[in-house]
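Count residues from 1 along the sequence. Computed from a predicted structure; not experimentally measured. When reading the values below, keep in mind they use all heavy atoms of this one structure, side chains included, and skip hydrogens, waters and symmetry mates. We count ligands from 1, going down the list as the structure has it; atoms in each ligand are counted the same way.
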Amino acid sequence: MEKKIKHVAIIMDGNGRWAKQRFRPRIWGHIRGSSIVGSIVEAASDLELQALTLYAFSTENWSRPEDEIRSLFKLLHKFLKKESVNIIKNNIQFKVVGNIEPLDSNLKALITDIENKSAKASGLKLSFAFNYGGRQEILDAVNKHIQLKPGIAITEIDMNKLLYRPEVGEVDLMIRTAGDQRISNFLLWQMAYAELYFTTVKWPDFTNIMFKKIIEEVEKRDRRFGGLDNSGNLQASQEVAKINLNKLKDTH
Ligand code: FPP
C-alpha cells in the first residue's frame, strides 16, 4: 500500500519557554533545541519519509534581539558542519528554502557546499526553512511566472513548479510543538490539505519516539481531500472533482 504520510513539516517551537522554565537565557533553549534536530532527521530517514521540512528561522524572526539572531545563525552553522557527514552518509538530499542572501558568506558557502554534495542523493529530502516566509514564497512564484509568461493567468500546475523546492510536493502532516495552534506563515501553499498536529511538548523535549507515534496516529486519520472516501490522494480527488464539474455543468 502507498504510504500516506510522505512529507512532514515541523515548527520547532518552545525553545525560549523551555529555557525560561529552567531560569536560563533563551539561547540555552536554542542550543538544546538544535541538539535534537539530528535525531529527528535520523528518525525521518528510518521511517522512510520522502521529505522533512524544518522551520529554523522565519522572515519574522528578524524582529528578535540581535544576539539571539546571531546565535541562531551560529547554531545553524555548527549543526551543518557537524551533520554534513551524516547527511551524505545517510543518502539525504539537503536544501535550504528561503532567502540565504543576507547570511554571512561562510555560512552561505557551507550551505551551498552541502547542497551540491547531496544533490544526487535519493533518500530523504531534507529542507531547512531559513529566512523563509510562506507568503514571500507565493509572491516569488507569481513574480517568476509574470516574467516567464507575461499576460497569461497562473495555474496550480505553474505554481507547483515555481515553488522554492517543487520536488517535495504537498505537506501531508505539519507538527508544531509547544502548544500554540498556528501555522505562522509556514508552507502556506503546500499545506492546503495537510493534517495538523499540535503538541504541548516544547521542542527541546521532543523525541523520536514521540515523532514516530504521531506519524502512526495521523496515518490512521481519514483523509478525504474534500471527497467522501480516503482511498485516493489530493490529485486523484481533484481529477474526480474536475470530471464531475464538467458533467454537471452540461446537465443543468
Ligand atoms: C522557536 O523557539 C524556535 C525557533 C525560532 C527556531 C528553531 C530553532 C532551533 C530548533 C534551534 C536552531 C537549530 C538549528 C539546527 C538551526 P522560540 O524561541 O520561538 O520559543 P518560544 O516560543 O518559547 O519563545
Side-chain angles (χ1 to χ4, degrees), residues 8-45 51-88 90 92-100 102-104 106-115 118 124-134 136 174-187 197-208 210-211:
V8 178
I10 308 182
I11 300 183
M12 308 179 287
D13 198 13
N15 295 341
R17 278 165 285 171
W18 185 92
K20 199 172 164 210
Q21 277 178 339
R22 287 156 182 81
F23 308 101
R24 301 278 191 164
R26 294 177 52 79
I27 289 163
W28 178 263
H30 293 312
I31 295 171
R32 288 297 288 256
S34 65
S35 73
I36 68 147
V37 174
S39 78
I40 299 300
V41 172
E42 207 177 299
S45 257
L52 176 70
T53 305
L54 301 172
Y55 211 173
F57 192 85
S58 74
T59 44
E60 288 73 28
N61 288 150
W62 290 105
S63 62
R64 296 189 174 205
E66 212 181 300
D67 61 342
E68 184 169 341
I69 297 174
R70 278 186 208 287
S71 304
L72 283 167
F73 291 177
K74 265 198 209 142
L75 283 172
L76 177 67
H77 200 126
K78 217 168 143 189
F79 174 87
L80 292 178
K81 268 203 129 152
K82 186 167 156 260
E83 292 294 325
S84 60
V85 182
N86 290 332
I87 289 175
I88 307 298
N90 295 325
I92 292 171
Q93 196 187 80
F94 173 81
K95 255 189 198 168
V96 167
V97 290
N99 178 13
I100 64 164
L103 306 186
D104 95 49
N106 286 333
L107 182 51
K108 274 194 281 198
L110 179 61
I111 291 170
T112 314
D113 184 50
I114 304 175
E115 285 181 343
S118 71
L124 178 75
K125 292 182 189 343
L126 172 65
S127 309
F128 267 47
F130 208 87
N131 194 20
Y132 171 89
Q136 191 59 52
M174 193 284 288
I175 301 169
R176 181 175 188 142
T177 59
D180 288 333
Q181 303 196 356
R182 294 188 278 277
I183 55 175
S184 301
N185 200 16
F186 191 31
L187 302 171
Y197 191 101
F198 300 99
T199 169
T200 52
V201 173
K202 295 178 186 67
W203 179 252
D205 287 333
F206 194 68
T207 64
N208 43 15
M210 290 173 196
F211 185 44

Could you tell me if any non-hydrogen atom of Gly14 lies under 4.0 Å from any atom of ligand 1?
-> yes
Short list, please: which atoms of ligand 1 are under 4.0 Å from a heavy atom of Leu76?
-> 16 (C)
Heavy-atom side-chain contact between Ser118 and Ile92 under 4.5 Å = no
Enumerate the atoms of ligand 1 whose separation from the nearest heavy atom of Asp13 is less than 4.0 angstrom.
-> 1 (C), 2 (O), 17 (P), 19 (O), 20 (O), 21 (P), 22 (O)
Leu126 side chain reached by Leu54 side chain, heavy atoms, under 4.5 Å | yes
One finds that the ligand 1 atoms under 4.0 Å from a non-hydrogen atom of Ala56 are 6 (C), 7 (C), 8 (C)
Under a 4.5 Å cut-off applied to non-hydrogen side-chain atoms, are Thr177 and Lys202 in contact?
-> no
Report, in ascending order of atom number, the atoms of ligand 1 lying under 4.0 Å from any heavy atom of Phe79.
-> 15 (C)
Before signing off on this row, confirm whether Ser34 and ligand 1 have an N or O atom pair separated by under 3.5 Å.
-> no
Counting each atom of ligand 1 from 1 as listed, which ones have a heavy atom of Arg17 under 4.0 Å away?
-> 21 (P), 22 (O), 23 (O)
Heavy atom under 4.0 Å from ligand 1: found in Trp203's side chain, backbone, both, or neither?
-> side chain
Ignoring hydrogens and angles, tell me if any N or O in the side chain of Trp203 forms a donor-acceptor pair with the backbone of Asn15 under 3.5 Å.
-> no
Using a 4.0 Å heavy-atom threshold (strictly under), name the region of Arg26 that reaches ligand 1: side chain, backbone, both or neither.
-> side chain
So, do Phe130 and Tyr55 have ring centers that fall under 6.0 Å from each other?
-> no
In this structure, atom 9 (C) of ligand 1 is nearest to the protein heavy atom Asn15 ND2, 3.4 Å
Assess Arg64 against Trp62: is NZ or CZ under 6.0 Å from the centre of the six-membered ring, and within 45 degrees of the ring's axis?
-> no
Under 4.0 Å from ligand 1, counting heavy atoms only, is it the side chain of Arg64, its backbone, both or neither?
-> side chain
Taking non-hydrogen atoms only, is Phe128 closer than 4.0 angstrom to ligand 1 via side chain, backbone, both or neither?
-> side chain
Roughly how far, to the nearest 0.5 Å, is CG of Asp205 from CD1 of Ile36?
-> 8.0 Å
